[in-house]
Amino acid sequence: MAILPIVEVPDARLRETCAPVAEVTDEVRGIVADMFDTMYAARGIGLAAIQVGIMKRIVVIDLQDGIEEGEEAAPEAARDPHAYINPEITWVSEELSTYNEGCLSIPEQYAEVTRPARCRVTWLDTDGARQEAEYDGLMATCMQHEIDHLNGVLFIDHISRLKRSMLMKKLDKLRRG
């Protein structure tokens with residue numbers, strides 16, 4: 001398939017709300033395949049279609065147990081890819097958890113983000129069948145992070161203005177070399 005260019009801040013598209021997928025077609029399955037190729041090449045664990053300039057409600061996630069330092073991605077045997085079309089969070093726990101989050105659209109920048117510890121999600125799979133599951137731990141955090149993208153929200157929107165400003169200054173400095 002193809003490795004797509006990743007949209008990075010401050011690109012205004014990252015602040016838009018994505019449109020639902022009307023029907024799961026071969027074209028949509030092709031987008032999913034390209035998104036997985038792109039995510040693995042970038043050594044990410046999640047990617048929303050908006051991050052590759054596709055304004056559709058599609059998310060791919062693979063927590064990729066087994067990535068070793070210096071590897072491009074986890075060995076194929078360690079991969080556990082999941083695609084979510086039109087994902088929607090239907091419930092979140094009152095219990096919270098905090099993870100050090102990063103984002104392929106905000107390269108090499110990380111911050112502690114507190115989110116609900118568990119969430120329930122409904123979505124369509126690549127066959128167009130409706131699915132539902134409850135997630136906790138890193139998967140719950142990743143799911144919430146990626147669905148935020150579909151709604152024009154970035155992880156930096158969940159941190160203080162001061163921390164966000166410092167993070168963006170570090171990113172500017174990194175880009176200037």
Side-chain angles (χ1 to χ4, degrees), residues 6-10 14-18 20 32 35-36 38-52 56-69 71 73-75 77-126 130-171 174:
I6 295 175
V7 176
E8 296 182 1
V9 295
L14 292 170
R15 295 303 189 170
E16 293 181 25
T17 300
C18 293
V32 167
M35 287 174 63
F36 275 120
T38 303
M39 182 187 74
Y40 289 133
R43 297 190 61 186
I45 62 171
L47 186 70
I50 193 171
Q51 293 179 271
V52 290
K56 295 184 184 289
R57 297 188 75 81
I58 303 171
V59 165
V60 297
I61 295 176
D62 185 346
L63 300 185
Q64 299 184 60
D65 290 338
I67 296 180
E68 299 295 328
E69 193 64 38
E71 285 184 327
R79 292 182 180 175
D80 187 22
H82 297 279
Y84 303 87
I85 300 164
N86 297 335
E88 182 181 336
I89 295 172
T90 59
W91 171 84
V92 294
S93 66
E94 290 184 26
E95 177 189 356
L96 302 175
S97 66
T98 301
Y99 276 91
N100 192 33
E101 293 189 28
C103 181
L104 296 175
S105 293
I106 309 172
E108 298 181 46
Q109 305 305 308
Y110 303 90
E112 296 285 317
V113 177
T114 300
R115 298 180 183 269
R118 296 185 324 279
C119 64
R120 188 172 302 121
V121 180
T122 61
W123 72 95
L124 299 177
D125 64 19
T126 54
R130 187 169 178 77
Q131 304 291 330
E132 181 176 13
E134 188 171 311
Y135 297 111
D136 62 8
L138 180 58
M139 186 64 179
T141 295
C142 191
M143 183 62 72
Q144 292 170 73
H145 175 113
E146 298 308 332
I147 291 174
D148 270 357
H149 272 299
L150 302 179
N151 298 317
V153 177
L154 301 173
F155 85 91
I156 58 174
D157 298 333
H158 295 283
I159 61 177
S160 72
R161 185 176 302 208
L162 177 61
K163 287 181 183 175
R164 184 171 43 249
S165 175
M166 289 170 47
L167 188 141
M168 295 310 291
K169 285 178 183 171
K170 282 175 40 183
L171 180 58
L174 178 73

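Within 6.0 Å of atom CD in Glu132, more than 12 heavy atoms from other residues, nucleotides or ligands are found, so the atom counts as buried in its surroundings.
Side chain of Glu146 to main chain of Ala48: a donor-acceptor pair is present (N/O by atom type, distance under 3.5 Å, no hydrogens or angles). Under the 3.5 Å distance criterion, the side-chain polar atoms of Ser105 are left unmatched by any main-chain donor or acceptor of Gln51. For the pair Asn151 (side chain) and Thr17 (backbone), a donor-acceptor distance under 3.5 Å is absent.
Listed by first and then second residue, the salt bridge (charged side-chain N to carboxylate O under 4.0 Å, His left out) pairs involving residues 98-114 are Glu101-Arg115 (not counting sequence neighbours).
Scored by the side chain to side chain donor-acceptor pair (under 3.5 Å) test, Glu95 finds Arg118 as partners (sequence neighbours excluded). Residues passing the side-chain contact (heavy atoms from CB on, under 4.5 Å) test with Asn86, sequence neighbours excluded: Pro20, Val21, Arg57, Leu124. In this structure, the side-chain contact (heavy atoms from CB on, under 4.5 Å) partners of Val32, at least two apart in sequence or on a different chain, are Phe36, Ile58, Val60, Ala83, Thr126. For Pro107, the side-chain contact (heavy atoms from CB on, under 4.5 Å) test picks out Glu8, Leu171, Arg175, with sequence neighbours left out.
Remark: Ile147 CD1 to His149 NE2 distance equals 11.5 Å, nearest 0.5 Å. A distance of 5.0 Å separates SG of Cys119 from CD1 of Ile89, quoted to the nearest 0.5 Å. Between the CG atom in Asp148 and the CG atom in Leu154 there is a gap of 8.5 Å [rounded to 0.5 Å]. For the atom pair Tyr99 OH and Gln144 CD, the distance stands at 10.5 Å (nearest 0.5 Å). One distance of note links OG1 of Thr141 with CG of Leu63; it measures 10.0 Å at 0.5 Å rounding.
In this structure, Tyr135 and Tyr84 have perpendicular ring planes: the angle between them is above 60°, well past the 30° mark.
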Check: residues 161-169 side-chain donor-acceptor pairs under 3.5 Å, at least two apart:
{"residue": "Arg164", "atom": "NH1", "partner": "Ile156", "partner atom": "O", "Å": "2.7"}
{"residue": "Arg164", "atom": "NH1", "partner": "Ile159", "partner atom": "O", "Å": "3.1"}

Stepwise side chain to side chain contact (heavy atoms under 4.5 Å, CB included) check, Arg130 with Thr122: CA-CA 7 Å; Arg130 187 169 178 77; Thr122 61; 3.7 Å; yes

Criterion side chain to side chain contact (heavy atoms under 4.5 Å, CB included) on Ile45 and Leu138, from CA distance to verdict: CA-CA 10 Å; Ile45 62 171; Leu138 180 58; 4.2 Å; yes

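In this structure, the side chains of Leu104 and Thr38 stay at 4.5 Å or more apart for every pair of heavy atoms. Considering only heavy atoms from C-beta on, Gln64 comes within 4.5 Å of Met39 through its side chain.
Contact record, Gly46 with Cys142: CA-SG, 4.2 Å, taken as the closest heavy-atom pair. Phe155 and Gly102 make their closest contact through CE2-C, 3.9 Å (heavy atoms, listed as atom of the first residue, atom of the second, distance). Taking each heavy atom of Ser93 and Pro116 in turn, the nearest pair found is O-CB, 3.5 Å. Across all non-hydrogen atoms, the minimal contact from Ala42 to Ile6 is CB-CD1, 3.8 Å.
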